[in-house]
Engineer: 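Before I ask anything, here is the structure I am working with.
Residue numbers start from 1 in every chain, and the chains themselves are labelled A, B, ... in the order their sequence lines are given, proteins ahead of strands.
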Amino acid sequence: MLLIPCPHCGPRNQEEFAYERTLDSVVRLNDAPELAIATLYARANPRGQEHEIWSHTCGQWLRLTRDRISHAIHSVEPL
Amino acid sequence: MGAGRYNALALLRGAITGHRHWGRAWRAAEPRGPYDVIIIGGGGHGLSTAYYLAKVHGIRRVAVVEKGYIGGGNTGRNTTIVRSNYRQAPLQSLFEYSLKLWHGLSDELNYNVMFSPRGALFLGHSDADMARLAERGDAMIANGLDADLIGRDEVARLVPLLDMSPDARWPIEGGLIQRRGGTARHDAVAWGFARAADSLGVDIIENCEVTGFLREGNRVTGVRTTRGDIAAGRTGICVAGNSGHVAGLAGIKLPIESHTLQAWVTEPVKPMIDTVVMSQTLHCYFSQSDKGGMVGGGDPDFFPSYAQRGAPIRLEDSIAQSIALAPALSRLRMVRSWAGVTDMSFDGSPIIDELPLDGLYLNGGWCYGGFKATPGSGSVYAHLLATGQSHPLAAPFYLNRFADGRTIDEVGSGPMPQSR
Amino acid sequence: MHKGRAIVTEMTVGPVGELLALDLWNADDAATVASALGVALPGPGQAEGAVLRIGPRRWWLVGTNFDRAGLAAALNGTGVVSAVAGGWVHVQLSGVGWRDLIMQSGLIDAEDAGFGPGTVAVTPLSHARCVVHVRAATQCDVFVPASYADHCLSAWRAMGAKAVA
Amino acid sequence: MRDAAGSIPFTFDGKAYAGQPGDTLAAALIANGVRLVARSFKLHRPRGIMGAGVEEPSALVTVGEGARAEPNARATDVFLYPGLVARSQNAWPSLAFDVGAVNSLAAALIPAGFYYKTFFGPPSRWMLYERFIRRAAGLGKPPQAPDPDHYGHRSAFCDVLVVGAGPAGLAAALTAVDAGKRVILIEQDAAPGGSLLRERVTIDGEPGVVWAANVADRIRAGGGRVLLRTTVSGYWDDNFLTAVERRVEPGQPAEGDAQVLWRVRAGEVVLATGTIERPLVFANNDLPGVMMAGAARALALRHGVAPGRRAVIATSHDEAYRTAFALADLGVEIVAILDSRTQASGPLVEAARARFVVHAGARPLRAIRRGIGLAGVDALIDGAKRRLLADCLAMSGGASPVLHLHRQAGGALEYDAARGGFLPGAGRQRHVSIGAAAGEHDLSAILTLARVVDPLGPGSPPAPGPLWHDEAPGKAFVDFQNDVTTLDLALAQREGYVSVEHTKRYTTLGMGTDQGKTGAMVALAQIADLRGVPLPDAGLTTFRPPYTPVTMGAFAGPMKGDHAAPIRRLPLAAAHDALGALWVPAGAWMRPRAYLAPDETVAQASLREARMVRASVGVVDVSSLAKFEIAGPDAVDLVAAVCATPVAKLAIGRGRYTVMLREDGMVMDDGTLWRLAEDRWLITSSTGGAARMARHLTYVADVLLGHPRAAVVDVGEHWAGLALAGPQAAAVLSGLTGAEAPAHMGLGDAVIAGVPVRVLAASYSGERAFEVHVPGHLARAVFDALVGAARGLGGGVYGLDAMDHLRVEKGHVVIGAEADGRVTPADLGLGGVLRKTGGYVGWQALQRPALVGPVGRRHLVGLTSVDHTPIAEGAMLVMREGEPPLGHVTTAAPRVAQDGAIALGLLTDGATRHGQIMLAWSPTRRSTVPVRVGPPLFYDAQGARYRD
C-alpha cells in the first residue's frame, strides 16, 4: 500500500493515484508512425528502477522514479 | 521412469515397505551442455515444453534452467482455473487445444494433476451481460468448443450459495458455463511434467539463474548462468512474469510489462461450492479447492511491479464482490493471501515467436491467464523450438503483430496493461 | 441500519448553490491574480473564506458572492472560471464525530493536529472523490459528487451519522 | 485457585458446562474435564488442546449457532460468554467415535502426496474419487446463510505503532507516549501483559498483570490508543498495516460492528510480538494431554486450571521448569522433568531439583494412549527406556520469535545457532523488533527502567529440542493440524521435493489454518537433518498476510449489500421514479430503461416509446453522458489533439460529431464537439468512457502539450442532459422558451421554467432533436416542463432501450457494442471524417499495414431480418450453421418505423458484402435468422428528418 508524495497534496495513499506509463513510452503527437509504434510497444520493464508517469486524484500529473522490486520511490516531480 | 510407475498397487507396496521404494521424481541435474535446446524457466510452461520436445519431437538433449525451484513462479501462485471460453478465435483455438490436453494429462504423465472438469461459470448480471455471454458462447460453439447459456434456475441449482434475489447489488440473470472447464492441482502440473520430462532424459537444473546470453554475432548460442555458461542450439525464454527482464538481458524490449495479481484462500471447510464461479462485471472469481479452502481473486494491482506482493485494497475489493455474489463467504476466514507477477502483454494475448536474435525464442505475455494454457503452450512452443516454424495455433501470436496492427485484444481495452 | 458506537455526527444535506471553478494557467500567478480579482487564492490544501484550493491550478469559489462575468474579465487571460455547482452536493457534518466518520469512509488523516479549520483535501470517501473542507473543530463541509450522494449518505448513515433536515 | 463452579454457562457438543470470567473456551473445557476437542484434518486422530493462544494447531471448533456459526475457531482464542455454543467438527457420527479415524489405520496407504500417484483414468473417474476426498477434507461445516454481522473499516495514523502489549511493547509504547508521539498499541489478547499473564513476577512492586493494566492506562491517559482483542494481520508497503479488532467473540451477536478492520499508516513500527513455543518431536506427540509447556502454565496461572493430575514436563531449556512449579502449586503431581540437555544448571534448574525429580539427558520417545487420551510416556532416561504414567505431558522444544510481520515487511533474518532459529535482522521498512521477538528472554533486560522480581529467578535462553530419528514406533508430528509427520518429510526428501517450498507443498506442511506457527521450525530442523545441511541452508518459506485468519467480512467491511460498490444516481432519479421508470444498470449508473404501462413488457414499452418519438416527441434523460469544457486560449490545440475530426474551423455556436482514438488507433470514444465561445469548447462523450476520457484529456494537456493555457473542466455532473426528439421537438422547445429552436448542430442559451439552460441541436434518434443542458440541481423544473409539453403533443418520456432502438435504425454506434475497442474509425465507416493531416492521438497507429490494407477488417454493417424474425444480439454471422463465423451481431433491435427486425453487426470485409444473405446464428439460444447485409442505415437515408 504505497504512500506516494503528491507534489501538490503531500503524501497520500496509493488508491488516490493511477499509473499511466513509463516516461520513455510517451508518444508525441508529431512522432513519425514507426517511432510512435516503437515507443508505444517497447518497454524495458526492468527489475529495478524505472521512470514512470502517474496521476493524482487532485489533478496533478507526476513523474516518479520508482523501484519495481522494493517499491521505494526515489524521486517525484510534478509534470 | 526412474521413480517407478505410479499406481495404486505401488502405493500398496509402499504401505508394506514404508514407502522406501520411491525414487526421486526428477533428478537433480547438473549442467552438461551443449544442449540442442535450453529452456529458461522451470515453470509449468517451460517443463511442458521440455516434455513435448522430448516426447513428440524426439529432442532429448534438452535442459530446463530454473533460477529457484521448479513451479515456484506463477505456476505455484495461480488460482488453478482451467478453461478455454474466450471470445476471440485464435485464443479459443489455442486454449481449447490446451484444454483437450488437460483432459488426458494425468494419464499422459502418469502423475495425477487432479484435473477436475467441474465447470467454469461466467455470471451475467443484466440483459446486456447475458447478450455478451451469449455472444461468447455462440463464438465458442461456432469454433467447436462447448458452451451452455443457462438461466437463473440452473445457476441457482449449480451454485446454491449465490444470492439470487432480484434486488441484489448485482442481480444474477444467468450464466455461461463451460462444463469441460474446471480446476487442476497447480504444483502437480509442474512436478508431473518435470518427472515425465526427466524420464525422457531432460535435465532439470534448479537454482540456476540466467544472467546473460552467449552470442556469436546475431546468433544466441547459449546462456550465462550462476552455474556457468551453457551452450545450446536454440534457447527458449519461458519465464512469464519476468519476460521483460530476461529479454532485456539480450537487449530486447518487449510489449510486456510486469504487474501484480493477488489471490486469497480461506480456511478449509466441507464442500460448499462445486463450480468455478467468475463474474467479469464484478471482476472476481472463486472456487473451492479439494482441501476445502475457497480460493479467489480479482483485479490486478494496476501498476508495474516484480515484488510479488500487493495492496490490501485490492483484496478488499475482490472479497467484497465475492461476498456480494455469495453472502455466506463473509463468515469464512481468509488464511492466506499471495501475489504473482503477471506478464502483461500489450494486447492481453501471449507472444510465442522467435525474437530478433537468431536462435532466441520467447513464450510469454500470458497476462493472468497462463496456467490453463500449460500443456498447450508447451506443445506449440516445443514445435517452434524443434522446427523453427510456428505451430499453426501459435502463428497469430507472433511478435510483430503489434507493429503490423494485428493485435488480438480479447477485451478491447487497448495497449495499456493497467486498463486490462 | 443503525449500529452501536454511533458516530456523533449530524449531516445537513443540500445543493451547493453556486460553485465556480477557477483555473489559472500558472499557479505562480496566484498572488497577482488574487489582488486583481479581489479574492484570496489560498495555497495547497487550504481554504480562505469561501475560496478552496482543490488542485495544482484550480480553486473553488463557493457561494453566491462571486460574479462570474466580472471574475472572467478581471482574470485578463491568466485563467478561466467555469460553473460546476450542479455536479456537487454539499454535506455539512457537525458534531464531535466527523473525523471518525471520515476515517471510517476514507484513508486520510483527519485526526492529525494539522487537519484543522481551513484545511481542504480532495480524497475518496466511500469510493467517491470528495472535497473535504474543515470549518471548525466540530464542523466539516464535504462536497460529494452529486451522483454518489445517495450512496455516500446511505453509507454514512450505516456508520451511525444522522441525517437532519 | 478457581472456584469449582463456574458462572458462565456454555455448551460443547450439546452438553452444558460452566466456566469463569476471563476463561478461554479451552481453559473452560479443560476445567470441566473435556480433553478430546477435535479430530485432525487428514487422519482424524483425536486431538486436545495444545496451545494457549492464536498459535493453537489442533483445538479447532465451530462456535456459534445458525447464521452466526463460525467454523475453525481456535478454542484457545475464544473468550467465554454466557450462552456460547461450541461444537466439534470434522468428526462423524461423534467426536469420540469418528468413522473417519479409519484413515488412521490406512495411514500407510496415504502418505504425503499419495493422491498424485493414483486415481488415474479419465477426469470423470478422478472426479468420482475427488467427491469423497472433498467430503473427507475441509474442517468445519461451511456457513450457508448470509452473514448477519456487520463489519467496519477504520483508518488510523500514528508516529509509532507498537504491536504486542507484553512487557516490551508496553514499555515501548509508554516511552513513545511520554516523548509526545502519536501512539497506537495493539494487542491480540483481551488483556495487556503478554507473557506476564502466565508468569508470576512482580514489577515495581505490583503483580505483573496489574503493572501491565496500569501501563496501558497511562498510555491511554497520555493520548495513546490501545486496541485490545486486535490482531495485526498484515504489514504492507510503506508502513501500512492492517489489524482486525474483534468487538465480540465468535458467534456472539454484536450491537454494532462485530469486527473492525483497522488500516494503520505508521511512522515507525515496533514489533513486540513475543515468541511461540515449539513442540518436541516424538511418537504420538499429538495425543490429547500432550500440550505446550507454556500453555499448561497459562492454564494454571492465568485461569487457575490444572491441565491434568499427573504431569511430566519434557523440555530442552529452562523455561518449561516454570511450568512444573505452576502446576505443582495447583496440586498437580509432577512425575518428572525430562530435560534433553545433559548439562543443565542455573537457579531455576536448581530450584526445581530441590522440589521435583529432574532427569538430565532425558526425553520422551512415545506417548502412550489409553482411549482417546494420554496415559503415560515412554521416555529415554539415563540411556534406558522407562515408562512414566501421566495424564499430562507439558513439552517445550524451544521458542521461535514471532517474525511474521517483520518478514511481511521485508525484514532480513539472522540465524542463531544456540536457539536453533531465526532472529529479526535489519528491517526494510521503518520497523524494529524488541523484547522476546528480538531474542531477549530476560525480563529484567527488557524492562531496564523497572524493578523486576522473579521469585523463580532467571532462566537460560530457549534452546531447540532434539531431532527425531524414529526411535520409537508411532507417528511423530511436525504439523499437527495437517497431520504431517517426520516420515512424510523423509518421503518428500526421498522423492526429490527437496526445496523447502516443495516439501511444504508436497506434504502440506504449514498450510493449515495455523500456517505452521508451532511446527515450522522443528520441521525445518528435521528437513535440514535429512538433507545433511545446516538449518539456515534448508531455506524458509515466505510469510504472507494474514498473520492469523481474518474473517472475510472484515475485509469487505462496509462494502456490503448496495454498498458493495457505489451506485450512481441521476439528478432526476426521483422524477423518473415518479414516472414509474424501470431501472437498468449502466456501469455504476442506474438509468431508466423504460416506463412500463400496466401489463406491458419491457420490449413492448420500448417499442411504444420509440414509435412515440418517431411520431411526435419524446424526452430521454442523457445526464450520465460525459461532458467536458475545454477553456482557454490554447483550448483548440488540446481539442485538436484529442479529437480526430476537423476542429479549428468549427464556428462559434456550432457543433459536430467527433471521434477520439486510443494510441493504437482504435476508437476510444465518440460524441459531439461544440464551440461555445472563441476559446471555450464542450465535448460530450459516452457514459461508460467518462473516467477514461477525463484522464485522457488531462494527460494530453499536462503531459503531451506541457500545460497549455487551457483548463479541462469536467462538467459531466454539473449539466443534467435532457434529450428532446421527434417531429414535434422544435415545437415543444419553442413553446417553452418562447424563442426559435437552434438549427441542427447549432446551440443557444434559453430559459425554461425560469431556469437558464443551454440547448444543443443534435440528433441521435434521427429525428429533429435537442439536448437541453441544465445544472443538475435545477433540472427538475425543466424536466417537468419538457415532459408536460411533450405529453401535450402526444409525446412523453422514453428510456434507454427505446433510445437504442432509434439509434440502431440510424446506424449510430455505441462505445462497447459496435466500437468494441478493436475497431478503427474506418471499420465503422468513419474513415472520411478524420483529419487527413494527423496530429491527433492515434493517427500514427492507423498507418500500420494491417489497418490500411483493404482486406480482412471487420466493418460495421446493417442487418435486416429477411423474415422479420427478431435477430439474437451477439449471434454469429455465418454463411451456413457450423461454419466459422465471419462476424457477429453487435446490437439487435425491432424496426421502429415499420414492422420487422434489424441489427447492426461487425462483419469481415462487410463493406463488400452488402446485399448478401447470411445467417445470424446463435447456437446458445437455438436461433438462426436469415439476414440481408446492407449499409448501417435503415431510416431516412437522406437525413431529411433531423434537419430544421
Engineer: Checking Glu873(D) against chain B: side chain, backbone, both or neither under 4.5 Å from a heavy atom?
Structural biologist: both

Engineer: Measuring from atom CD of Glu495(D) to atom CZ of Arg195(B), what distance do you get when rounded to the nearest 0.5 angstrom?
Structural biologist: 8.5 Å

Engineer: Give, as side chain, backbone, both or neither, the part of Arg68(D) having an atom under 4.5 angstrom from any heavy atom of chain B.
Structural biologist: both

Engineer: Please classify the contact between Ala564(D) and chain B as side chain, backbone, both or neither, with a heavy-atom cut-off of under 4.5 Å.
Structural biologist: both

Engineer: Side chain, backbone, both or neither: which part of His888(D) has a heavy atom under 4.5 Å from chain B?
Structural biologist: side chain

Engineer: Tell me whether Asp562(D) is salt-bridged to Arg169(B), with the criterion being a basic N under 4.0 Å from an acidic carboxylate O.
Structural biologist: no

Engineer: With a 4.5 angstrom heavy-atom cut-off, is it the side chain or the backbone of Asp127(B) that approaches chain D, or both, or neither?
Structural biologist: side chain

Engineer: Where on Arg263(D) is there a heavy atom nearer than 4.5 Å to chain B: the side chain, the backbone, both, or neither?
Structural biologist: side chain

Engineer: Side chain, backbone, both or neither: which part of Ile273(B) has an atom under 4.5 Å from a heavy atom of chain D?
Structural biologist: backbone

Engineer: Do Arg185(B) and Tyr116(D) have a side chain donor and acceptor closer than 3.5 Å?
Structural biologist: yes

Engineer: Checking Met511(D) against chain B: side chain, backbone, both or neither under 4.5 Å from a heavy atom?
Structural biologist: both

Engineer: For Trp191(B) and Tyr506(D), I'd like to know if the aromatic rings sit close, meaning centre-to-centre distance below 6.0 Å.
Structural biologist: yes

Engineer: I need the contact set between residues 106-113 of chain D and chain B: heavy-atom distance under 4.5 Å, sorted by residue number.
Structural biologist: Ala108(D), Leu109(D), Pro111(D)

Engineer: So which part of Met416(B) gets closer than 4.5 Å to some heavy atom of chain D, the side chain, the backbone, both or neither?
Structural biologist: side chain

Engineer: Look only at the side chain of Arg494(D) and the backbone of His21(B), and say whether a donor-acceptor pair between them is shorter than 3.5 Å.
Structural biologist: no

Engineer: Test your reading of the model: is there a side-chain donor-acceptor pair from Arg333(B) to the backbone of Asn72(D), 3.5 Å cut-off?
Structural biologist: yes

Engineer: So, are Arg662(D) and Asp409(B) salt-bridged, with charged N and O less than 4.0 Å apart?
Structural biologist: yes

Engineer: Give a yes or no answer on whether the side chain of Lys270(B) reaches the backbone of Ala137(D) with a donor-acceptor pair at less than 3.5 Å.
Structural biologist: yes

Engineer: Considering only heavy atoms, which portion of Val265(B) lies under 4.5 Å from any heavy atom of chain D: side chain, backbone, both, or neither?
Structural biologist: neither

Engineer: Is there a side-chain contact between Thr266(B) and Pro549(D), using heavy atoms and a 4.5 Å cut-off?
Structural biologist: no

